[in-house]
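Structure first, then comments.
Note that the structure is a prediction, hence the values are computed from the model and not measured.
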Amino acid sequence: ALPIYHFEVVGVRRSTTNIITMQSKDENGNDIIDATNFFMICEVDGPERLAPPYRVPLDVVPHVFGQFKVDVNLDTNGPYLVYCYVVNRGGVNSRYYNNRWVEGEPATERVDTAVDFNWGEGLVTADASDFASAQYDGYLMVPQAANYTFYVTADDGAKMWIDDELVLSQDLPGSWETRTFLLAGTRLYHVQLLFYERTGDARMRLEWSNDQGLNRTVVPMEYLYHTRQVLARYPKNLMVWDQPGPVEAFYHSDLEYNV
C-alpha cells in the first residue's frame with residue numbers, strides 16, 4: 001500500500017484554473033521522488049458531461065519529486081464528484097476468450113507490454129487457435145502534443161475506442177487507420193481494443209504515428225498504463241460556482257491506495 005496526499009474540495013470558481021498538487025508517498029509516509037512507474041487519473045461526474053454522459057477527465061501532469069498537478073477547470077455550475085485513480089506504467093490489461101464473442105469467463109488474464117501479436121495458425125489462448133477473442137484495456141500517454149493517427153492490423157476483425165468513443169470497427173481481416181486526433185501530454189487517454197478470430201491465421205497489432213516526426217510504429221510499453229485502481233476515500237465532493245470559494249477550499253491529508 002502506498003499513501004498519497006489528496007485534496008478535500010469545498011468549491012472552485014467556474015471557468016478558472018485551479019491547480020492542486022498531490023504528493024506520492026511510500027508506506028512509511030516518505031515522499032516518493034521517482035514516480036515514473038505510475039500515473040494519476042482524475043475525472044469528475046456532474047452537470048458538465050461528455051456525450052454520451054461519460055465523466056469529464058481533468059488535466060493531470062507530472063511535476064517534480066513525485067508530485068502531480070491536477071487542474072480543476074469546469075464551465076458549468078453545480079455539484080460534482082471527483083474520482084482519482086492510479087495506473088501502472090508498462091502495458092495494457094488483456095483478457096483472452098475461447099470464443100469469438102468475448103463472452104463468459106476469460107481463459108487468460110494478463111498484462112501485455114504491447115498489442116503486437118502474430119499467432120499465425122497457432123494458439124491464441126492455451127486452448128483455442130480458432131474462434132477466439134481478446135479485450136485490451138489501458139491508458140495512453142503521448143510523447144508530445146501532436147496530431148496522432150492510429151493503425152489496427154487484425155485477422156479477423158477488431159474495434160477500437162479512445163476515451164469511450166468508438167473510432168474504428170472492422171469485421172474483415174486487414175489493416176486500417178483511424179481519423180487524426182489532436183492529443184496533448186496533459187493527461188492519459190483511455191484506449192480499448194477488441195479482437196476476434198474466426199479460423200485460419202490470427203493477428204492483432206496497434207500502431208501510431210504523428211505529424212511531428214513520429215513514423216508509424218507499434219505503440220511501445222513506456223507510453224501504456226494498466227490496472228486502474230481508485231484511490232481510497234474517493235469520490236470527493238466538489239462545488240463549482242460563479243464566486244470564488246473560500247481560501248481553505250483545498251487542504252491535504254493522507255490516504256492509501258493498493259497497487
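Val61 and Leu74 are not part of a single hydrophobic cluster, where members link through side-chain heavy atoms under 4.5 Å apart. If you chain together hydrophobic residues whose side chains sit under 4.5 Å apart, Val87 and Met22 fall into the same group. When the side chains of ILVMFWY residues are joined at heavy-atom separations under 4.5 Å, either directly or via intervening members, Leu183 and Val167 end up in a single hydrophobic cluster. Using a 4.5 Å cut-off between side-chain heavy atoms of Ile, Leu, Val, Met, Phe, Trp and Tyr, with links allowed through other members, Val230 and Leu238 fall into the same hydrophobic cluster.
Once rounded to the nearest 0.5 Å, the distance linking CG of Asn30 with CD1 of Ile33 reads 9.5 Å. Between Leu166 atom CG and Gln192 atom CD the span is 10.0 Å, to the nearest 0.5 Å. Atom CG of Asp201 is separated from atom CD of Glu121 by 5.0 Å, given to the nearest 0.5 angstrom. How far CH2 of Trp176 is from CG of Leu168: 7.0 Å, rounded to the nearest 0.5 Å. With values rounded to the nearest 0.5 angstrom, Met160 atom CE is found 13.0 Å from Gln170 atom CD. To the nearest 0.5 Å, atoms OH (Tyr234) and SG (Cys84) are separated by 4.5 Å.
Remark: the Asn215 side chain and the Ser209 side chain contain no N/O donor-acceptor pair separated by less than 3.5 Å. No hydrogens or angles considered: nothing links the side chains of Asn18 and Asn73 as a donor-acceptor pair under 3.5 Å. If you check the side chains of Glu105 and Tyr97, you find no donor sitting under 3.5 Å from an acceptor. Between the side chains of Arg89 and Asn37, no donor N or O sits under 3.5 Å from an acceptor N or O. Using a 3.5 Å distance cut-off with no hydrogens or angles, the side chains of Gln144 and Gln212 do not pair a donor with an acceptor.
Heavy atoms only, all atoms of each residue included: Gly78 and Pro47 are closest at CA-CG, 3.9 Å. Considering every non-hydrogen atom in both Gly66 and Ala35, the closest pair reads CA-CB, 3.9 Å. Across all non-hydrogen atoms, the minimal contact from Ile32 to Gln23 is O-NE2, 3.6 Å. Across Phe181 and Ile162, no two heavy atoms sit closer than the pair CE1-CD1, 3.8 Å. When all heavy atoms of Gln67 and Thr21 are compared, the closest pair comes out as OE1-CG2, 3.5 Å. Smallest separation of non-hydrogen atoms from Phe195 and Ala202: CZ-CB, 4.3 Å.
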Task: Test log, rule side-chain contact (heavy atoms from CB on, under 4.5 Å), inputs Met204 and Leu193 - done: CA-CA 10 Å; Met204 181 64 176; Leu193 295 127; 3.8 Å; yes
TODO: Please lay out, stage by stage, how Leu140 and Trp208 fare under the test side-chain contact (heavy atoms from CB on, under 4.5 Å).
DONE: CA-CA 11 Å; Leu140 179 77; Trp208 64 356; 3.7 Å; yes
TODO: Check the pair Arg203 / Asp156 against side-chain contact (heavy atoms from CB on, under 4.5 Å), numbers first and verdict last.
DONE: CA-CA 8 Å; Arg203 185 179 185 185; Asp156 285 305; over 6 Å; no
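Annotation: cation-pi pair Arg216/Tyr151 present, NZ/CZ under 6.0 Å from the ring centroid and within 45° of its normal.
A donor-acceptor contact shorter than 3.5 Å links the side chain of Asp211 to the backbone of Asn147. No donor-acceptor distance shorter than 3.5 angstrom exists from the side chain of Ser169 to the backbone of Lys159, with no hydrogens or angles considered. Of the possible donor and acceptor atoms, none in the side chain of Asp112 sits under 3.5 Å from a partner among the backbone N and O of Ala114. Of the possible donor and acceptor atoms, none in the side chain of Tyr83 sits under 3.5 Å from a partner among the backbone N and O of Lys236.
The aromatic rings of Trp119 and Tyr96 sit perpendicular, their planes meeting at an angle over 60°, well past the 30° parallel limit.
Side-chain contact between Glu43 and Tyr85 is present, with heavy atoms from C-beta onward closer than 4.5 Å. Using a 4.5 Å cut-off on side-chain heavy atoms (C-beta onward), Val70 and Asp59 make no contact. Using a 4.5 Å heavy-atom threshold, the side chains of Met40 and Cys42 count as touching. Between Val191 and Val92, the closest side-chain pair of non-hydrogen atoms is not below 4.5 Å. Counting heavy atoms from C-beta outward, Val44 and Leu58 have side chains that approach closer than 4.5 Å. Residues Thr180 and Tyr148 form no side-chain contact, since every pair of their non-hydrogen atoms from C-beta on lies 4.5 Å or further apart. Side-chain contact check for Lys69 versus Val60: every heavy-atom pair is 4.5 Å or farther apart. Side-chain atoms of Asp75 and Ser15, non-hydrogen and from C-beta on, do get closer than 4.5 Å to each other.
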Which pairs would a plain distance check flag for residues 124-134, meaning a side-chain donor or acceptor within less than 3.5 Å of a matching protein atom at least two apart in sequence or in another chain?
unit_1, atom_1, unit_2, atom_2, d
Thr125, OG1, Asn98, OD1, 2.5
Thr125, OG1, Asp127, N, 3.1
Thr125, OG1, Ala128, N, 3.0
Asp130, OD1, Gly200, N, 3.2
Ser133, OG, Asn99, O, 2.5
Ser133, OG, Val102, N, 3.0

Side-chain donor-acceptor pairs of residues 218-227 under 3.5 Å, sequence neighbours excluded:
unit_1, atom_1, unit_2, atom_2, d
Thr227, OG1, Asn93, ND2, 3.3

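Identified under the salt bridge (Lys or Arg N to Asp or Glu O under 4.0 Å) test for residues 173-199, with sequence neighbours left out: Asp163-Arg187, Glu165-Arg179, Asp171-Arg198.
Taking a 6.0 Å sphere around CZ of Arg100, one finds it holds more than 12 heavy atoms contributed by other residues, nucleotides or ligands.
Annotation: ring pair (Phe, Tyr, Trp, His ring centres under 6.0 Å) contacts of Tyr139 (sequence neighbours excluded): His190. Scanning for ring pair (Phe, Tyr, Trp, His ring centres under 6.0 Å) contacts around Phe150 gives an empty result, with sequence neighbours left out. When the ring pair (Phe, Tyr, Trp, His ring centres under 6.0 Å) test is applied to Tyr80, no partner is found at least two apart in sequence or on another chain.
A centroid separation of less than 6.0 Å is found between the aromatic rings of Phe68 and Phe39.
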